[in-house]
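What you see is a predicted model; the values in this text were computed from it and never measured. Computed from heavy atoms alone, side chains included, the values below leave out hydrogens, waters and symmetry copies.
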Amino acid sequence: MTDRKNDITLQRITYLRGPNIWTYRPVLEVWLDLGELEDYPSDKLPGFTDRLLALLPALAEHHCGVGERGGFLQRLREGTWAGHILEHCVIELLNLGGMPTGFGQTRSTRQPGVYRMVFRARNEQVGRVALAEGHALLMAAINDQPFDVAAAVAKVREAIDDCYLGPSTACIVAAATDRRIPHIRLNDGNLVQLGYGAKQRRIWTAETDLTGAIAETIACDKDLTKSLLQSCGVPVPEGEVVDSAEAAWAAAQDMGGAVAIKPTDGNHGRGVTLDLTKQADIEAAYRLAAEEGSEVMVERCIPGGEHRLLVVGGKLVAAARGESAWITGDGQHTVVQLIDLQINTDPRRGTTEDHPLNRLDVSEDPVILLDLQRQGFPPDSVPPAGHRVLVQRNGNVAIDCTDEVHPEVAHSVALAAKVVGLDIAGVDVVAEDISRPLQAQGGAVVEVNAGPGLLMHLKPAVGKPRPVGQAIVEQLFPSEEHDPHPGRIPIVGVAGTRDTHVVARAIAWLMHLSGKHTALACRDGLFVGQRRIERADMARSSAYWEAGHRLLMNRDAQAAVFENGPALILDEGLPYDRCHVGVVTDFDGAQGLERHDVTEADQLYKVLRTQIDVVLADGVGVLNAMDARVAELAELCDGEVVLYAAEGPEGDPPVLRDHCQEGGRAAVLRAGRVLLLTGASEHPGPDLHAALRRHDITEPAQVAAMSQALLAAVAAAWAHGISPELIAAGIETFEPPRLAG
């Protein structure tokens with residue numbers, strides 16, 4: 001037993017929801033006080049590394065700063081501190097829990113023994129659970145105490161199950177992310193917004209905002225669906241709606257042969273019984289179906305197996321078929337025991353989304369029970385040795401058959417979806433051979449379903465997964481529209497402290513004049529167009545972030561402008577993921593940021609670079625060339641850079657002159673008028689001093705400050721592509737807010 005070490009203190013935990021000083025993505029930032037462990041790096045703790053690896057063997061695979069497999073193990077052997085080790089423990093627990101994570105960093109602060117540790121956290125609650133379990137695991141390893149890793153991983157998985165998107169929604173969101181389309185989760189469930197503002201679309205599992213209510217209603221009425229499909233030439237089974245068990249038997253007699261009985265408005269196969277010929281079975285099946293729906297339908301039974309074909313945007317994108325489940329008697333075990341021994345032992349069967357096939361439970365499925373009784377083998381009976389018993393006629397539809405579908409079948413199911421009016425439809429087909437036309441084999445479309453499950457196509461029991469998420473995103477954001485940024489509205493971010501609200505309001509006004517209904521978040525409030533919809537409190541970063549983020553949910557917003565102070569970036573991150581124009585005005589504002597270990601202006605470089613880091617590759621970074629530290633951010637910008645400055649006693653700042661000599665663009669204030677420079681060429685811009693005089697702003701300090709703010713706004717508007725003529729007209733009509741003091 002080692003000498004017991006005191007626990008690490010978690011001083012502060014912050015969830016950074018947007019791009020931040022660490023990364024583009026949400027992270028959990030944890031301030032740690034190592035206490036006495038500051039004097040005990042890993043190489044000073046006898047046996048610690050071996051104990052830790054015994055608990056989490058995969059830590060030996062972590063790359064860490066060395067940049068190759070085993071890098072973290074090397075650091076452990078050489079000696080690294082507990083904060084860094086905790087980072088890797090948390091990451092590994094997230095990996096084991098099913099939320100793969102690779103990003104993490106740990107940095108010292110000015111306070112001895114206090115560190116900032118961050119790790120990628122897609123969800124705050126999941127991150128907090130992983131942190132708590134990783135913390136407990138690390139201390140157990142340090143103090144040579146037992147720890148239940150399996151229980152810790154189970155807690156992380158439970159948190160993921162409680163918080164994470166369902167598989168259908170998650171695959172669509174992942175496909176959108178692959179195309180760099182941002183998303184916003186709108187509730188605790190599966191309602192998700194793809195894109196921002198006026199460019200957004202919404203999904204709810206496999207339904208979209210293109211899915212009509214009338215189409216859904218039609219799909220829920222199987223009798224109405226059949227009549228519409230039949231009128232358009234889609235093969236459907238003969239059938240009729242009945243209101244009693246006796247009527248069901250009469251209808252079956254009229255049809256002749258085997259029938260199927262189902263609720264007219266059921267789903268997921270509940271209450272559906274197939275291949276019925278005897279009166280007692282038909283009447284029992286009627287009662288079963290009546291419990292699952294408002295009406296019951298009797299249909300002629302179509303020969304063949306069940307298939308689910310997924311149609312998106314009028315095209316077949318995936319298909320799967322089911323298979324029957326059988327047991328073989330051994331003369332010793334009951335039906336229930338044989339189901340567990342011969343069917344449920346299949347590793348593909350289970351109760352989670354990781355299992356493409358469900359476990360079969362007679363007590364929970366009355367259709368299985370009815371089928372067994374029809375064969376004379378109730379659940380507690382013992383089938384003779386060698387006798388086969390059918391347990392489920394059409395089990396989980398999870399065998400991929402997309403490549404086998406005949407073109408005529410694909411046409412029929414696409415037509416079925418169009419007739420009902422669904423943009424996304426799961427069309428159920430019964431056929432003996434899906435590679436042959438339906439009419440040629442007596443096959444038929446038996447159901448058209450709205451909001452179909454996608455898991456069978458994402459994780460088939462047999463065959464390859466199909467890119468159904470990509471197909472749905474393509475339907476919502478067609479590539480043929482050639483939008484370089486699908487789902488995105490123009491966003492301008494203004495970072496700094498010095499009169500940035502004036503900069504933001506002026507930019508929003510100029511964008512409004514250019515024809516875009518522009519949303520604005522700044523210290524003066526939240527605006528959509530010219531209407532203020534809410535007051536804003538930048539002193540409360542969380543509330544301000546949430547308010548600004550809500551602007552991106554507004555369908556009226558065709559563009560958006562955000563004022564972002566350094567405190568917001570440190571407390572919450574930016575309220576958007578990327579922007580078209582990013583403006584940095586100054587490195588003021590270090591005062592009041594001591595809680596973030598920021599006390600000097602130079603430290604704001606890492607903070608305010610966040611605004612430039614998120615500029616799109618075809619976007620523009622707009623930088624104040626009068627501050628050399630701000631101008632240095634140019635090297636970090638993925639897009640173009642536009643500099644702005646007021647002419648000084650010695651002319652333009654050297655960095656601006658060099659920029660223009662290299663062909664760059666700049667906005668320069670000379671004698672009160674803005675000149676727009678592109679390389680060696682000049683274009684006259686607005687007369688700022690004349691515009692300010694029209695608004696009775698004549699006090700020299702006010703004129704200087706307001707001119708600086710308007711110059712930044714002019715540079716940003718020009719960077720966004722607004723014409724110099726419209727900018728000049730906009731500055732003349734802009735009513736600037738009064739500056740403090």
Check this for me: does any side-chain nitrogen of one of [X] and [Y] sit under 4.0 Å from a carboxylate oxygen of the other?
X      : Y      : result
Glu295 : Lys222 : no
Asp400 : Arg466 : yes
Glu299 : Lys226 : yes
Asp577 : Arg25  : no
Arg179 : Glu474 : yes
Glu306 : Arg321 : no

Taking atom [atom1] of [X] and atom [atom2] of [Y], what is their separation to the nearest 0.5 Å?
X      : Y      : atom1 : atom2 : result
Trp249 : Gln253 : CH2   : CD    : 4.5 Å
Leu191 : Trp204 : CG    : CH2   : 5.0 Å
Gln125 : Tyr164 : CD    : OH    : 15.5 Å
Cys401 : Leu309 : SG    : CG    : 6.5 Å
Glu240 : Asp223 : CD    : CG    : 9.5 Å
Ile172 : Leu194 : CD1   : CG    : 7.5 Å

Check for a donor-acceptor pair, side chain of [X] on one end and backbone N or O of [Y] on the other, with a separation under 3.5 Å.
X      : Y      : answer
Glu408 : Leu438 : no
Glu283 : Ala280 : no
Gln193 : Gly195 : yes
Tyr286 : Ser244 : yes
Arg308 : His457 : no
Asn449 : Pro452 : no

Take atom [atom1] in [X]; do more than 12 heavy atoms of anything else shown fall under 6.0 Å from it?
X      : atom1 : answer
Gln230 : CD    : no
Asp188 : CG    : no
Glu158 : CD    : no
Arg555 : CZ    : yes

Point to revise | Tyr24 six-ring face occupied by Arg578 cation (under 6.0 Å, within 45°) | key: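 Flagged: Arg578 positioned over aromatic ring of Tyr24.
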What are the two closest non-hydrogen atoms of [X] and [Y], and how far apart are they?
X      : Y      : answer
Ala319 : Val405 : CB-CG2, 3.6 Å
Leu551 : Ala557 : O-CB, 4.0 Å
Ala318 : Leu316 : O-CD1, 3.4 Å
Leu526 : Ala547 : CD2-O, 3.0 Å
Leu165 : Gly189 : CD2-O, 3.6 Å
Ile181 : Pro486 : CG1-O, 3.4 Å

Review point. Looking at His387 versus Phe377, is the centre-to-centre ring distance below 6.0 Å?
Key: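 Close enough - the centres of the two rings lie under 6.0 Å apart.
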Check your understanding: When the aromatic ring centroids of His406 and His411 are compared, is their separation below 6.0 Å?
Key ->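 Centroid distance His406-His411: not below 6.0 Å, so no.
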Compare all side-chain heavy atoms of [X] with those of [Y] and state whether any distance is below 4.5 angstrom.
X      : Y      : value
Thr345 : Asp340 : no
Ile160 : Val129 : no
Thr334 : Pro379 : no
Thr273 : Leu288 : yes
Asp483 : Phe477 : no
Gln332 : Val382 : no
Arg349 : Ile343 : yes
Leu338 : Asp330 : yes

Check your understanding: Could you walk me through whether His580 and Asp618 pass the side chain to side chain donor-acceptor pair (under 3.5 Å) check?
Key -> CA-CA 8 Å; His580 294 71; Asp618 58 354; 5.9 Å; no
**Study point:** Exercise: do Thr205 and Asn190 side chains pair donor with acceptor under 3.5 Å
**Key:**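 Asn190 and Thr205 do not have a side-chain donor-acceptor pair below 3.5 Å.
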**Study point:** Partner of Asp423 under side-chain contact (heavy atoms from CB on, under 4.5 Å), chosen from Lys418, Gln475, Glu207
**Key:**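 By the side-chain contact (heavy atoms from CB on, under 4.5 Å) criterion, Asp423 pairs with just one of Lys418, Gln475, Glu207: Gln475.
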Review point. Would Thr217 and Leu224 satisfy side-chain contact (heavy atoms from CB on, under 4.5 Å), going step by step from the backbone distance to the final call?
Key: CA-CA 10 Å; Thr217 302; Leu224 176 58; over 6 Å; no
Practice item. Take Arg550 and Glu534, measure what salt bridge (charged side-chain N to carboxylate O under 4.0 Å, His left out) needs, and give me the verdict at the end. Key: CA-CA 11 Å; Arg550 285 197 297 274; Glu534 191 174 331; 2.6 Å; yes
